[in-house]
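The next block holds one structure in the form of structure tokens; read it before the comments.
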Protein chains: 2
Amino acid sequence: MTARALSFILFFTIGGAAVAQDPTSLDLMPMPAHVTLGQGQFLIDGSFAVAVNDLADSRVLLGEKRFMEMLWRETGIPFAVESQARNPPFLIYTSGLSGAVQQVGEDESYHLVVSTTKVELTAPNALGVLHGLQTFLQLVHITPQGFAAPAVTIDDQPRFQWRGLMIDAGRHFQPVEVIERNLDGMEAVKLNVFHWHLSEDQGFRVESKQFPLLTEKGSNGKFYTQEQIHTVLDYARERGIRVVPEFDMPCHTTAWFAGYPQLASGPGPYKVETKWGVFDPAMDPSRESTFEFLDKFIGEMAALFPDAYFHIGGDECDGKEWNHNARIQEFMKAHGMKDDAALQSYFTGRVQKLVLAHHKIPEGWDEVLQPDTPKDVVIQSWRGPAGLAQAARQGNQVVLSNGYYIDLNQPASEHYLVDPLGGEGAKLTAEEKARVLGGEATMWSEFVTPENIDSRIWPRTAAIAERFWSAQDVRDVDSMYRRMAAVSLKLDYDGLKHNSVTRMMLERMSGNADPKALEVLASAVQPPQGYERESLHEYNSASALNHMVDAVAPESETARRFGLLVGMIVAGKASPAQWIEARDCLTLWRDNDAKLQPMLAGSELTAELSGLSKSVSQVAGIGLEALDDLKNHRAMTADVRERNLQVLKAAGKPKAVLVDKLVAPVELLVNASAK
Amino acid sequence: MTARALSFILFFTIGGAAVAQDPTSLDLMPMPAHVTLGQGQFLIDGSFAVAVNDLADSRVLLGEKRFMEMLWRETGIPFAVESQARNPPFLIYTSGLSGAVQQVGEDESYHLVVSTTKVELTAPNALGVLHGLQTFLQLVHITPQGFAAPAVTIDDQPRFQWRGLMIDAGRHFQPVEVIERNLDGMEAVKLNVFHWHLSEDQGFRVESKQFPLLTEKGSNGKFYTQEQIHTVLDYARERGIRVVPEFDMPCHTTAWFAGYPQLASGPGPYKVETKWGVFDPAMDPSRESTFEFLDKFIGEMAALFPDAYFHIGGDECDGKEWNHNARIQEFMKAHGMKDDAALQSYFTGRVQKLVLAHHKIPEGWDEVLQPDTPKDVVIQSWRGPAGLAQAARQGNQVVLSNGYYIDLNQPASEHYLVDPLGGEGAKLTAEEKARVLGGEATMWSEFVTPENIDSRIWPRTAAIAERFWSAQDVRDVDSMYRRMAAVSLKLDYDGLKHNSVTRMMLERMSGNADPKALEVLASAVQPPQGYERESLHEYNSASALNHMVDAVAPESETARRFGLLVGMIVAGKASPAQWIEARDCLTLWRDNDAKLQPMLAGSELTAELSGLSKSVSQVAGIGLEALDDLKNHRAMTADVRERNLQVLKAAGKPKAVLVDKLVAPVELLVNASAK
């Protein structure tokens, strides 16, 4: 954004700051359970050092080393690697040991006291230490005296024990470096479950030594070796994060069948799917050989992944291959299975037994919940708010993902206000509520590459992480957006690419090192929400995701703030400075098309933006007109209003697979000015 | 920069474009030896693939894999990992094998033909293939039809066989990831020698198994393990880059003495130096034990580093420890050494013999060249242009670094115009000229951290790389700047941080996610050149290099372009659009202080910028006044001129360790408007 827009953003930053004695004035996310602000601040300089009283758990020392590295990134202060400090000002007290494998429900609490002279972090085990260190990193900010953390006492522990992020490495493979940097992001916001979606119609992503054709034929060469899996598991464990692998079955399994067609219910031949959607291929539940294969496969993977939980998928079976297979139909009749759901239930039941036999707790998507589902199966609820309550009532533990589909480009506020124990969940008994383990954000990967996936996950997942960690009544959206912006900046220092990727992609699209006019356009638009993108253009796994829709953030912070500004103007609550800011923003957007238009034709990737740029300019022009009418207490005539609303209606339709986020606030202005 | 400045920059980009049939219209750097432009272009889409005719040298296949990865980063097009293409459009023909260790003077030529339907790259060995692949990557750019390379025939080979970059890992340790990404940058611009400066007064940086105290006492924990050295050596070799290690002696050796004081000429005790400068500690040439130690040490390092050359430093001995040591004075008298230079010459001669005994060719800085220096010692000339000629005349091979000190914040054009065979070098005979192996850019690290080192190396080192590779008459500065900007953008995609670090550091300094007003200030200023910085503020190895002077580029591209614009205006050659651009830029800079000033006090790191911001604004204001006078053919009165020149004089003094680059062009305007 330009200098004019800058002051606009600054205004809101200043305007939105909370009172100094209010804990929400601290840029913490997730907000801790108890925060008491003290007086003064703890200054950080080159003599800063940390001492640990107990090094029994290697995660504490490793965590402390990473903490110092992060503090260097946050401040640029070169701390001594080997501290000569006799009395390090930051003391960590911990004693408890964890097992070799992190468990669900381990104590994650910590107690952090920052005074003007020292910092004390106490936690029963390494998990609490790691969380406390992250809280301290969030407390550090630049002040007139230098980098400092405010004096504060924090007592903290999570509300839910299962706080996850799922990444789909099946549809678009995500290399280890992508996974690792997102594990860093997870640690920063205290998420503790990485759910790794490892097989899909479009790719099987883990080396199997038992069944090498799974990747040889089913991955196009893009998969994790078992050595890489070990690397990621260690990386996650050091950050207090469990890793739950998912092998989706009996459907979403086309890639398995490329190497092992005998598992399938159809005649084949099969090859890795390149389209997106729900496909017919399904495992054959009628053959014992299927379960013999799965027994060996699950055995191998259960040994590779140490976590107590093992996700077997189970979603979206269309049943077509079953219906077209006479032998399977025969089998169903013989066993009294009246429909596909019954057949899937039989399959799932058999697989659950295999998982249990390999000493793992099975987990599955909504669909695996049947009246006779064993109580030790964990349900991941994705289809609707009712699924969670149903599972909990039926006696199963449950993890909520419905409402946290971060691939759908919804605003952070929408995810933020979904609570695992809100809605239907609120009606549960205390016993049933206890079965709600927590929730998971899900990053399905039809439309993300290793390049831009961070921008779909962050910073919105920080808001979801707060939902899972903080008290249920922490739900002030303005506060959330302010704190999320602060966390987003810290995630930059951590190496996440959610912010930097936009600029890089706009440079690449235009071949221009300073694509400012494209940035101005980008600030006004967003990708379409939900599943609309697929209806606007045809995509498959070979599509280049290098267009504007792939470069811009799911939620434009500038457009969001502009919307707030218009809301204040229409409500008659805007200051004179805010009127000016709104005018400046609209002027910038209106005049941008003239600058941008001559450059667009030079690149295939920007040529498609011509109509969008023109439309955004037009909408901004209407907004300016309406703003001036409002300012001068001049009513827009019915004719003009009608014409403008027609233009806005047309502008509301996606162009170049992008949505103009100015349309709604400008419509507000037009309607207000017509009164 | 803001939207107004954008159009300014664009104007110059368009204005500076060369004629289409001119090879310099291609964004290639270094410019190849022979370029013939063809008709049309080769389009790159998802079906693009490369076939290699001979896989005997693993560097070819590894290089091809990295090439595909880089092409993905440059375009965002998902190429198939395992190509199904029956007739890949890009064919590589090579046959020659290299030895296990890359040699000086190996053939690095290649022949690249791009037509509208195919690409053929032919090279006698892997080195040429690697260079040709980088040339192709530079040819690719976005067009209205998509990403494409123009049809072209290129015959290319380097002018010099030794094209180096030295990185000083002694003063500020640079982790492996920093070294690796800079090796990527080196490969991109066809540099082929990484000179690794590994020991300094402030740190000894390589694990020695023979002498573990070198790092235990001499590195503050920051050093490369031998395993890491192997990693870097492999990384470099895969990219066609030799690695020449340097262990500087007998001076710059304080860090050695922290663990092994018996090597020193003084009484000790010694500890790692924390200040910058030239220090007294020196090895003791009078004891045989010194050479026994060095024999073992050099033996160990000669085995670790496979390159044929071994750099023993030899610069900047002040002789004080020798002068104060009676035993050494006695030794000198006994051996008829009349001064410190003679003693150093004796030391160097002994060490050279040790290096030769371990089958390496010794290399040293200027100072090691004495009348009796053996002809097999390579001289690295740093003190002045005469040193190179002297060495060549004396019969020694020589590498030029004088003129390529990239730590001194000089403009790219100054380095670019220094030629190893220009000046004194031009006067050499053909035989003497043949002894000039090439040159090396030197990145001394008093004022760089792992965070900002890329911004001191790139993009200016690309211009130096062209000097070493391309014909001597390739020296058009405007063309160089245009092509360097294109390469700089490509280096972004490679993962170099020279461009992105500025924004990150400005965000951190201000705690603001959108520090646009700081960016506007940053665009007008530069770090001081030469060694002036040290005279403006006290620094040592514990200084936090997180200020504006550390964040901004050594050469402001915006200020440089503004200077060109003013030059055209003063010469009466500016178009009406250029007058407007100049006015817009000056207005932006003048008005920026009012926006910035209120924010500066909030951070210790920006508070120091208050005076600078005000001064830049004032200078811009004077520039505007002068511009308007010029425009209106109104002569500035002598009084006003005098007052303005006084203000500019004061503004010309560094503030907050930064130099205002607007002063010189504004002075031009004032002087022009007074006529």
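Below, all heavy atoms of this structure are taken into account, side chains as well, without hydrogens, waters or symmetry copies. Keep in mind that this is a model prediction, so the values were computed, not measured. Reminder, nothing fancy here: chain letters follow the sequence lines and each chain counts from 1.
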(message) Please classify the contact of Glu507(A) with chain B as side chain, backbone, both or neither, using a heavy-atom distance under 4.5 Å.
(response) both
(request) For Trp276(B) and Ser541(B), test the side chains for any donor-to-acceptor distance below 3.5 angstrom and give the result as yes or no. (result) no
(request) Please look at Glu557(B) and chain A and tell me whether the side chain, the backbone, both or neither of the residue comes under 4.5 angstrom of a heavy atom of that chain. (result) neither
(request) Select, from Gly46(B), Pro144(B), Ala544(B), the one with the greatest count of heavy-atom pairs under 4.5 Å involving chain A. (result) Pro144(B)
(message) For Met509(A), which atoms come within 4.5 Å of any heavy atom of chain B: side chain, backbone, both, or neither?
(response) backbone
(request) Please look at Thr606(A) and chain B and tell me whether the side chain, the backbone, both or neither of the residue comes under 4.5 angstrom of a heavy atom of that chain. (result) neither
(message) Using heavy-atom distances under 4.5 Å, tell me whether Ala607(B) contacts chain A through its side chain, its backbone, both, or neither.
(response) neither
(request) Identify which part of Ser488(A) has an atom lying under 4.5 Å from any heavy atom of chain B, answering side chain, backbone, both or neither. (result) neither
(message) As a test of understanding, state which of Phe147(B), Phe79(B), Tyr493(B) forms a side-chain contact (heavy atoms from CB on, under 4.5 Å) with Leu71(B).
(response) Phe79(B)
(request) Quick one: closest heavy-atom pair of Ala258(A) and Lys217(A), and the distance? (result) CB-O, 3.4 Å
(message) Using a 4.5 angstrom heavy-atom cutoff, name the option from Gly146(B), Gly602(B), Pro450(B) with the most pairs to chain A.
(response) Gly602(B)
(message) Is it true that Glu604(A) and Gln145(B) share a donor-acceptor pair across their side chains at a distance under 3.5 Å?
(response) no
(request) Select one option (side chain, backbone, both, neither) describing which atoms of Ala485(A) are under 4.5 Å from chain B's heavy atoms. (result) neither
(request) Could you tell me which portion of Leu489(A) (side chain, backbone, both or neither) has an atom closer than 4.5 angstrom to a non-hydrogen atom of chain B? (result) side chain
(request) Taking all non-hydrogen atoms of both residues into account, name the closest pair between Ala522(B) and Leu506(B) and its distance. (result) CB-CD1, 4.2 Å
(request) Specify which of Leu545(B), Thr75(B), Leu605(B), Asp27(B) makes the most heavy-atom pairs with chain A at under 4.5 Å. (result) Thr75(B)
(message) So that I can tick it off, tell me whether Glu69(B) and Lys65(B) are bridged by a salt bridge, with the cut-off set at under 4.0 angstrom between side-chain N and carboxylate O.
(response) no
(request) Please work out whether the ring planes of Tyr539(A) and Phe447(A) are parallel, tilted or perpendicular, with thresholds of 30° and 60°. (result) perpendicular
(request) Please report the shortest heavy-atom distance between Met505(B) and Ala551(B), naming the atom on each side. (result) CB-CB, 3.6 Å
(message) Please classify the contact of Ser603(B) with chain A as side chain, backbone, both or neither, using a heavy-atom distance under 4.5 Å.
(response) both
(message) Heavy-atom cut-off 4.5 Å, strictly under: side chain, backbone, both or neither for Ala601(A) against chain B?
(response) backbone
(message) Using a 6.0 Å distance limit plus a 45 degree cone around the ring axis, check whether Arg205(B) lies over the aromatic ring of Phe173(B).
(response) no
